[in-house]
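Shown next, in structure tokens, is the structure this report addresses.
These numbers come from the heavy atoms of this one structure, side chains and all, not from hydrogens, waters or symmetry mates. In what follows, every chain begins at residue 1, and chains take the letters A, B, ... in the order their sequences are listed.
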Number of protein chains: 2
Amino acid sequence: MTDHKPGPNPLFLREEDLRQAIELLFFAYRDFTSEADAMLARNGFGRAHHRVIYFVGRHPMISVSALLDILRITKQSLSRVLGQLIREGFIIQHKGATDRRQRLLELTDKGLEIERQLTEAQRQRIARAYRETGGEAVQGFRSVLLGIMDPPDRNRFSRRGDT
Amino acid sequence: MTDHKPGPNPLFLREEDLRQAIELLFFAYRDFTSEADAMLARNGFGRAHHRVIYFVGRHPMISVSALLDILRITKQSLSRVLGQLIREGFIIQHKGATDRRQRLLELTDKGLEIERQLTEAQRQRIARAYRETGGEAVQGFRSVLLGIMDPPDRNRFSRRGDT
DNA sequence: GATAATATGTCAACAAACCTGACGTATATT
DNA sequence: AATATACGTCAGGTTTGTTGACATATTATC
């Protein structure tokens, strides 16, 4: 049933390597989000909600514009999802102390709880992969992904212990 | 403007590592698809079209069900996108030789050309990251991503040279 | 050879999550 | 006082996914 071997078209050895990388990202990302997606669907949420919950949890008191900068979506798109999360009590807004135009976002206890549940499957998946492959592979994984992303966001990943 | 340091909440050192991995995947994937997305938008296509074009190009004469198995979407979703690509002459169907129920898919010359253009930016991005990080890092990248994905698809990535 | 299973397609209705464009308000900056 | 920024919102549109039902051609099975 349904055969598809690794495929022809290997113009260069290099070409095959690059295509494998493209596919590794596709399959890994697809599976990486699968458990959380299922959990979200049960709660009437989507992946967009998870992203908002995740990054608000990661950066408590983040401003709306900083969040937009991470997500790279329009404020109208964010507004729909964020408004829902606020109305349902997962996130609260605080007026900025220094700049009162800002609406700083924070998870409520309810928000923290769902964040933990949602991200748990992903953490376990990563932890398992890290455990199976070892520290050297982890360093390679990190540095290649850093190389793939655009420079501006690379400095979010400082080398450790800088809180 | 807009400050968000790496963030608080480091319950464990380990926890921070796992969260960084989650974010590496998010940022890398977001940027990885950005150029192709822009090019697709200019042609009136979306990311779904790219995925179909990519995997048909990768596996010439793939059956519809095998493609569905890769993409993990419903046949109705695929049908819309695939039908469009067929009508516009990017993909052609052939009746299966052994099983005449199958519609085996193949890129036309036009399809091959757009595939090349679309994937080019991604290939360059990967190539650059691979060049910058070196072979050892690449091995780590590969093995961690393999560890992250669910086992069933791992054997798509055999070690090399098996066509 | 009738029956069941498989591979594919299609119609219809719906939802999630994006988008653009326009406009409004509060606050800060110059 | 004028301009810019941070945020919100209304309105309408697209892409990409979903479920459910049903149809057709072909293959496999009893």
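- Listed in residue order, the members of residues 30-38 of chain B having a heavy atom less than 4.0 Å from DNA chain D come to none.
- As a whole-Å value, the separation of B:Leu67 CG from C:dT8 C1' is 13 Å.
- Side-chain polar atoms of A:Gln20 and B:Arg142 form a donor-acceptor pair below 3.5 angstrom.
- Below 30°, between 30° and 60°, or above 60°: for A:Phe26 and B:Phe55 the angle between ring planes is between 30° and 60°, a tilted geometry.
- Considering all non-hydrogen atoms of both residues, A:Arg154 and A:Met149 come closest at NH2-O, 2.9 Å.
- Shown for residues 72-79 of chain A: residues whose heavy atoms fall under 4.0 angstrom of DNA chain D, namely A:Lys75, A:Gln76, A:Ser79.
- Between the P atom of D:dT24 and the CZ atom of B:Arg100 lies a distance of 18 Å, rounded to the nearest Å.
- More than 12 heavy atoms of other shown residues, nucleotides or ligands fall within 6.0 angstrom of atom CD in B:Glu113.
- The aromatic rings of A:His50 and A:Tyr54 sit perpendicular to each other, their planes meeting at more than 60°, with 30° as the lower class boundary.
- Put simply, NZ on A:Lys95 is 9 Å from C1' on C:dT27, counting in whole angstrom units.
- Comparing B:Leu105 and A:Val81, the nucleotide of DNA chain C nearest to each residue sits closer to the 5' end for B:Leu105.
- With rounding to whole Å, B:Leu68 atom CG is found 14 Å from D:dT16 atom C1'.
- A:Gln93 has a side-chain polar atom (N or O) that falls below the 4.0 Å cut-off from OP1 or OP2 of D:dG8.
- No donor-acceptor pair under 3.5 Å is formed between the side chain of A:His59 and the backbone N or O of A:Val56.
- A donor-acceptor contact under 3.5 angstrom links the side-chain atoms of A:Arg101 to the base of D:dT5.
- Residue A:His49 has a polar side-chain atom (N or O) positioned under 4.0 Å from OP1 or OP2 of C:dA17.
- Two residues, A:Gln84 and A:Thr98, neighbour DNA chain C, and the one matched to the more 5' nucleotide by heavy-atom proximity is A:Gln84.
- Residue contacts for B:Arg80: at a heavy-atom cut-off of 4.0 Å it reaches a base atom on one of the strands shown.
- Across the protein-nucleic acid pair, B:Asp69 atom CG and C:dT6 atom P stand 15 Å apart, rounded to whole Å.
- Spacing between atom NE2 of B:His94 and atom P of C:dT8 amounts to 14 Å, rounded to whole angstrom units.
- The main-chain N or O of B:Glu115 is found under 3.5 Å from a side-chain atom of B:Thr119 such that the two form a donor-acceptor pair.
- Applying the 3.5 Å distance criterion, the base of C:dT8 shares no donor-acceptor pair with the side chain of B:Arg103.
- The interatomic distance linking B:Leu40 (CG) with C:dC18 (P) rounds to 17 Å, in whole Å.
- A 6.0 Å sphere centred on CD of A:Gln76 holds more than 12 heavy atoms belonging to other residues, nucleotides or ligands.
- Side-chain polar atoms of A:Ser63 and A:Arg103 form no donor-acceptor pair below 3.5 angstrom.
- For the pair B:Gln102 CD and D:dT27 C1', the interatomic distance rounds to 11 Å; values are reported in whole Å.
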### Query
Would A:Glu15 and B:Arg123 satisfy side-chain contact (heavy atoms from CB on, under 4.5 Å), going step by step from the backbone distance to the final call?
CA-CA 8 Å; A:Glu15 166 81 6; B:Arg123 273 199 300 263; 3.4 Å; yes
